[in-house]
Amino acid sequence: MQQSKKITLQIEGMTCQSCANRIEKVLNKKAFVKEASVNFAVEEAKVVFDPTQANEANILEIIQKTGFKGILKNDTLPVQKDEKKSHWRLWLLLLINIPFLIGMVGMLMGNHNLMLPPIWQFVLATIVQFGLSIPFYRAAIGSIRGGLANMDVLVSSGTLTIYFYSAYMLFYHTSQGHNALHHIYFEAAVMVIGFVSLGKFLEERTKKHSLNSLELLLRLTPKKVEIFRDETWQNVPINQIKVGDLLRANQGERIAADGVVEQRKGWCDESHLTGESLPEMKQAGSAVLAGAIVTEGSLTYRANQLGAQTLLGDMMKALSEAQGTKAPIARFADKVAGIFVPVVLAIALFTFVLTWWISAEIKTAIIHSVAVLVIACPCALGLATPAAIMAGMGKAVNRGIWFKDAAAMEQAAHIDTVVLDKTGTLTTGELKIAAVWQPESAVISKEDLYQISATVEQYATHPLAKAIVREALEKNLTISTALSVNTEIGAGISATLEGIGEVKVGSPEFCGFNVPVMLDQVWQIASIVAVSVNGNIAGAFALTDTLCEESKIAIERLKQHQIEVMIMSGDRQSVVDYVAQQLGITQAWGKLSPRDKATQIQTLQQQGKIVAMVGDGINDAAALAMADVSFAMKSGSDVALQTASATLMRHSVNQLADGILIARATLKNIKQNLFFASVYNVLGIPLAALGYLNPVIAGAAMALSSISVLTNALRLKHLKY
């Protein structure tokens with residue numbers, strides 16, 4: 001069996017989608033690389049390769065030869081950085097742009113005196129072209145060496161053409177003793193570089209600070225933590241704490257590690273992981289999660305898991321992996337971006353030749369062709385899908401929904417049918433007493449019924465017994481000691497209680513009587529526990545699996561969005577029907593085996609339905625695998641979690657509805673971005689070729705196109721549904 005190894009690399013130096021396509025193309029050509037995928041928005045590459053033929057260093061070397069820098073990412077939790085990157089090149093470039101901008105405004109108003117003298121234009125343009133534009137040239141050369149052309153090729157070739165043409169006209173007219181002011185276009189080259197650089201800067205900031213949910217999660221970890229060492233409390237950096245250390249978090253501070261409270265108590269907000277907006281009370285013995293904030297009180301806790309091993313660390317890894325994947329819809333954009341630049345170069349050349357032939361003016365031909373080069377940036381097209389995926393994934397994680405990859409999120413947007421398991425999904429999986437019956441001639445009160453039943457049932461291990469004991473404790477009833485305890489497996493338990501006599505608790509047959517048949521419907525579907533005292537009827541309990549509080553609300557939300565809801569369960573049909581009736585679900589199947597569930601889902605798919613399955617148990621694994629999209633509860637079995645397309649952090653079907661609606665909004669956002677980016681180029685290129693857009697306006701429009709796509713993606717962070 002051939003081995004495979006998967007690594008994730010941070011890629012530095014990419015400027016547009018064509019760069020990502022180039023790295024992908026080069027890597028996938030290597031025989032030892034099984035699969036390589038590069039995401040421009042998150043600036044990451046995921047590579048699956050044969051470790052017997054190559055190692056990480058070989059992969060990094062290939063990327064470096066392609067013109068980029070790769071950094072191997074590990075499983076440790078990233079460190080929150082306070083880096084302040086210098087942007088002196090951009091600020092100097094914008095400063096040089098100011099006099100040109102003033103001159104252009106003056107020219108539009110008919111005043112040419114505001115424009116700098118030609119020789120000063122030449123000097124400043126030379127500084128820009130051969131000093132501040134070097135990053136463009138480096139990226140362009142690397143792109144050409146890699147066999148693909150990117151945005152930098154368009155910008156470099158366009159601005160250099162204008163610069164050399166203007167320089168020639170300047171020296172030619174000056175040597176003839178003429179004023180060259182009306183024959184030079186240095187301002188176009190300078191301002192195109194300025195607008196494009198500003199656009200890149202804003203794009204980078206938006207991607208890293210606004211769209212990047214990972215950075216927001218990193219801020220949840222405190223830089224320093226209060227630790228008990230050397231018999232005193234002291235503040236140390238978070239990377240110095242170890243498993244087993246005793247830590248303290250006061251009001252307003254964040255928990256630094258997953259652990260258990262040992263002293264004090266307080267309220268914790270864990271919404272960053274669960275999506276639950278209400279704080280939880282924590283006291284001795286309570287579990288606390290890294291990143292939670294203490295909203296009230298103070299907690300002393302023992303660290304059990306650190307860094308990447310915490311639930312927060314696991315979520316960050318899952319989010320990073322999911323954001324770095326590609327949705328199927330992204331393939332269209334990648335294919336277009338891959339051939340876009342060569343096509344644009346051909347159009348620009350054709351524009352130059354045709355315009356020169358028609359107008360007989362080379363300067364007009366140059367301006368038109370350069371405008372085509374500048375306006376036709378593929379960045380907006382390349383950002384359309386990954387930007388929306390980043391924002392959508394971040395929103396989903398914020399609501400406690402972890403999609404495994406972008407493909408799962410895209411598919412979730414198409415769901416029209418939801419199949420729900422009953423136990424552990426719609427219900428809590430915890431039995432509770434739903435009704436109590438006593439005959440009119442009952443020998444004991446209802447309170448005594450609870451008390452004596454719990455006293456006997458404390459010696460049993462059956463879930464029904466545990467439920468009765470739990471209810472008695474919740475009612476603050478005293479549970480005493482029983483004598484002569486005798487258990488009959490599958491029937492019940494009997495014992496002698498001081499001052500009362502023999503008490504039997506178990507099936508009605510075991511207790512010697514039947515519960516009346518004309519009771520409420522719940523008695524027809526519940527598990528019945530009968531109680532007798534000294535052979536006399538004392539009463540009976542009806543125990544049922546309780547519905548999750550949010551289940552009914554979630555079902556209504558799904559129906560409002562034209563999503564059909566069904567139940568499939570291994571429980572009795574009567575029980576399933578009762579739950580379905582309470583929730584307003586018309587299609588419900590009971591007594592289904594794991595294979596039956598998978599077969600039923602396959603039948604729905606053959607009817608043309610896009611099916612989502614929600615479950616939490618091992619018996620749901622086959623159905624989860626068969627469904628188009630599957631959701632598992634975080635509290636469910638490992639098998640279900642491994643099989644599912646997404647994980648719901650809270651035991652709530654409402655999170656399922658959130659996940660589907662977020663996925664729908666994300667797909668809609670992607671389509672909007674793709675439409676905008678496509679229409680932008682479809683309209684922009686002809687206008688530029690016909691001379692309706694000069695290079696300066698084209699440069700500004702190009703920068704704005706990417707910013708517009710990112711801004712539209714940002715709307716997902718404020719999505720209301």
Side-chain angles (χ1 to χ4, degrees), residues 5-30 32-49 54-76 78-79 81 83 85 135-136 138-153 200-201 203-209 211-215 218 316-317 319-327 330-331 333-334 337-338 341 377-379 381-387 389-390 393 405-406 706 710:
K5 185 174 183 179
K6 182 177 180 180
I7 59 173
T8 302
L9 305 170
Q10 191 72 40
I11 306 296
E12 294 182 357
M14 291 194 297
T15 57
C16 69
Q17 183 61 40
S18 295
C19 300
N21 292 342
R22 182 164 98 246
I23 300 171
E24 269 189 20
K25 180 180 178 182
V26 172
L27 287 172
N28 283 315
K29 279 184 177 179
K30 302 300 178 183
F32 53 81
V33 174
K34 297 182 178 180
E35 183 184 357
S37 176
V38 182
N39 189 308
F40 171 51
V42 296
E43 298 178 340
E44 282 186 0
K46 296 188 182 300
V47 185
V48 180
F49 65 98
N55 55 33
E56 292 88 343
N58 299 134
I59 305 292
L60 293 172
E61 185 179 354
I62 293 168
I63 293 173
Q64 187 173 6
K65 287 182 178 179
T66 313
F68 303 92
K69 182 181 179 182
I71 301 172
L72 185 65
K73 297 185 73 174
N74 53 38
D75 290 334
T76 60
V79 178
K81 297 179 180 178
E83 58 176 27
K85 189 176 178 181
F136 286 98
R138 284 177 179 164
I141 292 170
S143 177
I144 294 170
R145 282 179 178 172
L148 288 171
N150 64 359
M151 177 201 73
D152 298 294
V153 173
K200 279 188 174 186
F201 169 74
E203 177 186 311
E204 190 70 16
R205 281 183 62 87
T206 304
K207 283 196 301 179
K208 289 198 175 209
H209 300 294
L211 285 178
N212 193 352
S213 300
L214 285 175
E215 184 171 295
L218 264 179
M316 291 177 66
K317 182 180 178 182
L319 178 59
S320 177
E321 289 179 352
Q323 286 186 334
T325 59
K326 290 186 178 181
R331 294 170 190 159
D334 286 353
V341 175
C377 172
C379 288
L381 193 62
L383 283 170
T385 300
I389 289 294
M390 283 178 70
M393 286 283 187
D405 51 41
S706 295
L710 292 172

**Message:** Glu61: which residues meet the salt bridge (charged side-chain N to carboxylate O under 4.0 Å, His left out) condition with it, sequence neighbours left out?
**Reply:** Lys65
**Request:** Supply the atom-to-atom distance Leu27 CG to Phe49 CZ, rounded to the nearest 0.5 angstrom.
**Result:** 11.0 Å
**Considering all heavy atoms, the nearest Ala387-Leu710 contact** = CB-CD2, 3.7 Å
**Request:** Test Phe68 against every option in Val26, Ile63, Val38 by the side-chain contact (heavy atoms from CB on, under 4.5 Å) rule and name the one that passes.
**Result:** Ile63
**Between CG on residue Asp405 and CE on residue Met393, distance to nearest 0.5 Å** = 6.5 Å
**Contacts of type salt bridge (charged side-chain N to carboxylate O under 4.0 Å, His left out), residue Glu12, not counting sequence neighbours** = none
**Asked** With sequence neighbours left out, what residues match Lys69 under salt bridge (charged side-chain N to carboxylate O under 4.0 Å, His left out)?
**Response** none
**Asked** Considering residues at least two apart in sequence or located in another chain, which fulfil the side-chain contact (heavy atoms from CB on, under 4.5 Å) criterion with Gln64?
**Response** none
**Fill in**
Across all chains, not counting sequence neighbours, the side-chain contact (heavy atoms from CB on, under 4.5 Å) partners of Leu60 are Leu9
**Item:** Partners meeting side-chain contact (heavy atoms from CB on, under 4.5 Å) with Lys29 (sequence neighbours left out)
**Value:** Lys25
**Message:** Going by side-chain contact (heavy atoms from CB on, under 4.5 Å), Leu72 matches just one of Thr8, Ile59, Ile7. Which one?
**Reply:** Ile7
**Fill in**
Interatomic distance, NZ@Lys6 vs CD@Glu35, rounded to 0.5 Å, equals 7.5 Å
